[in-house]
There are 2 protein chains.
Amino acid sequence: MQSFTEENYLKIIYHLSVNNDQAVQTNAIAEKMQTKAASVTDMIKKLADKQLVDYKKYQGVHLTQTGRQAAINIVRKHRLWEVFLVEKLNFKWDEVHDIAEELEHINSAELVERLDEFLSFPKNDPHGDPIPDKHGKFDAVPFTKLSKLKTGEKGLIMGVSEHSSAFLKHLEKLGLTLGKTLTLTTITDFDGSVEIIVEDKKISVTREVAKHILIRI
Amino acid sequence: MQSFTEENYLKIIYHLSVNNDQAVQTNAIAEKMQTKAASVTDMIKKLADKQLVDYKKYQGVHLTQTGRQAAINIVRKHRLWEVFLVEKLNFKWDEVHDIAEELEHINSAELVERLDEFLSFPKNDPHGDPIPDKHGKFDAVPFTKLSKLKTGEKGLIMGVSEHSSAFLKHLEKLGLTLGKTLTLTTITDFDGSVEIIVEDKKISVTREVAKHILIRI
DNA sequence: TTATTTTTTTAGATTTGTCTAAATATATAG
DNA sequence: CTATATATTTAGACAAATCTAAAAAAATAA
């Protein structure tokens with residue numbers, strides 16, 4: 001069993017490597033963990049001793065098979081708890097992240113399986129992210145960023161790549177929630193912002209926001 | 001905010017003093033915390049610095065008002081989570097203690113209030129223990145131990161004073177669950193064991209077990 | 001390819017919660 | 001009331017996770 005902190009490192013290394021087979025760099029981990037590179041090096045050595053990561057000095061880390069399984073299990077728990085908080089306790093999608101960050105460390109395989117069943121085996125969390133099954137499997141549905149859509153293209157909002165409360169509240173206010181259909185009408189050369197139509201309303205979205213909205217065409 | 005460990009100390013001090021206004025002794029805490037007296041002394045000093053306990057050297061500790069509130073809040077969370085585990089996730093009453101020991105440390109007042117509501121504001125946990133409301137209030141229903149009943153007396157099982165899985169499974173097997181009505185027929189002088197009738201069945205219970213069954217006459 | 005910048009690691013210190021062993025205070029027994 | 005036993009505290013050490021400052025390696029630029 002891993003400590004709280006070790007679990008957080010594994011999770012962050014997983015997120016930093018999931019879309020990318022490169023080694024994960026010390027500084028990248030330090031930034032996400034809000035800590036210093038020296039601390040990361042110390043922890044990496046510990047994780048390497050436990051065979052949870054492969055590590056060569058100055059070369060960054062890769063999760064081992066065991067390390068990846070552990071990380072995916074934490075992600076599974078995080079996302080299941082988010083579903084619970086939204087579906088059962090009526091939290092909004094922008095309120096659940098921090099609470100799930102705590103709940104994801106509760107240690108009981110039985111609890112997770114029963115929670116999964118209680119929630120009717122959800123496939124996605126409230127932000128559209130896929131929930132791994134008990135074997136760690138999940139389908140990575142292909143997506144495009146809204147910022148990559150071309151004029152006239154139509155799509156469905158299926159997720160976000162930024163989970164801060166501020167960002168999610170902003171989307172909510174614009175009516176850009178999961179499952180909504182949109183059509184891109186204009187791309188502004190000047191600043192990259194895009195005009196879209198959602199439920200017959202015209203909305204302008206900055207490029208920065210559009211980059212974090214995931215679309216299935 | 002307190003650390004995990006500090007919360008566990010507060011909770012244990014609370015349980016050791018709830019039926020008893022005496023100061024709580026270092027050794028008693030050490031035993032419950034499965035640690036050494038020296039460690040307890042160290043922690044007590046820290047809790048005293050934080051004004052969570054009153055402490056005079058060699059004289060044991062008392063919870064302060066703040067410390068008691070903190071402890072009751074942890075107990076509240078523990079018991080609410082136990083109800084959730086039994087009522088919603090179909091755990092048995094002997095399976096929930098350890099999981100609730102982890103869940104009780106999740107920090108979110110909003111979460112607790114919503115969980116309470118989701119569970120329809122339960123008054124007691126699966127072992128019969130009262131659940132404090134959000135202000136820390138609860139009614140201490142008076143009870144008698146089964147071992148104190150007299151021959152011929154009738155009562156209702158309303159709780160237990162021992163929460164180990166082994167004990168609870170034993171009661172389950174004997175059919176001695178919350179809400180059952182029983183009549184005491186015989187007290188054996190020799191070993192203090194008692195014969196009771198529950199649902200028309202005659203059952204013999206050792207004195208040790210009878211001491212941990214709480215009865216309302 | 002040498003110089004400079006960036007990244008990473010090492011060395012040594014700090015904090016939290018724990019420990020053992022020894023010292024001190026309190027309680028109990030004769 | 002002294003001796004013994006029990007309970008508690010102190011002193012000093014350790015492991016985990018972190019930090020700062022300095023050293024070393026790797027990447028980049030001139």
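Predicted model, so just to flag it, every value in this text is computed and none were measured.
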Touch check for A:T26, heavy atoms < 4.0 angstrom, all strands: base, sugar-phosphate only, or nothing? sugar-phosphate

For A:T5, report the nucleic acid contact type (base, sugar-phosphate, nothing); a contact means any heavy atom under 4.0 Å.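 Here A:T5 touches the backbone only, sparing every base.
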
Please report, rounded to the nearest Å, how far the [atom2] atom of [N] is from the [atom1] atom of [X].
X     : N      : atom1 : atom2 : result
A:D42 : C:dG12 : CG    : P     : 14 Å
A:Y58 : C:dT9  : OH    : C1'   : 4 Å
A:E7  : D:dA16 : CD    : P     : 16 Å
B:E31 : D:dT6  : CD    : P     : 16 Å
B:K57 : C:dA25 : NZ    : C1'   : 10 Å
B:I44 : D:dT10 : CD1   : P     : 11 Å
B:L47 : C:dT16 : CG    : C1'   : 13 Å
B:D49 : C:dT15 : CG    : C1'   : 15 Å

With nearest nucleotides of DNA chain C determined for B:M43 and B:A38 from heavy-atom distances, which residue corresponds to the more 5′ nucleotide? B:M43

Short side-chain N/O contact from [X] to OP1 or OP2 of [N], under 4.0 Å:
X     : N      : answer
B:Y55 : D:dT9  : yes
A:T41 : C:dT10 : no
B:S3  : C:dT16 : no
A:K45 : C:dT10 : yes
B:Q25 : D:dA7  : no
A:N27 : C:dT8  : yes

Between B:E7 and B:K11, does any side-chain N to carboxylate O distance fall below 4.0 Å? no

Hey, are A:K50 and A:E6 close enough for a salt bridge, meaning a charged N less than 4.0 Å from a carboxylate O?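 Salt bridge between A:K50 and A:E6, a charged N being under 4.0 Å from a carboxylate O: yes.
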
Specify the residue among A:Y9 and B:Q59 whose closest nucleotide of DNA chain D lies further upstream toward the 5′ end. B:Q59

Aromatic ring proximity A:H127/A:H97, centre distance under 6.0 Å: no

What about B:F84 and A:F84, are their ring centers closer than 6.0 Å?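 They qualify: ring centres under 6.0 Å apart.
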
Can you classify the ring geometry of B:W81 versus A:W81 as parallel (below 30°), tilted (30 to 60°) or perpendicular (above 60°)?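 B:W81 vs A:W81 ring planes: perpendicular.
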
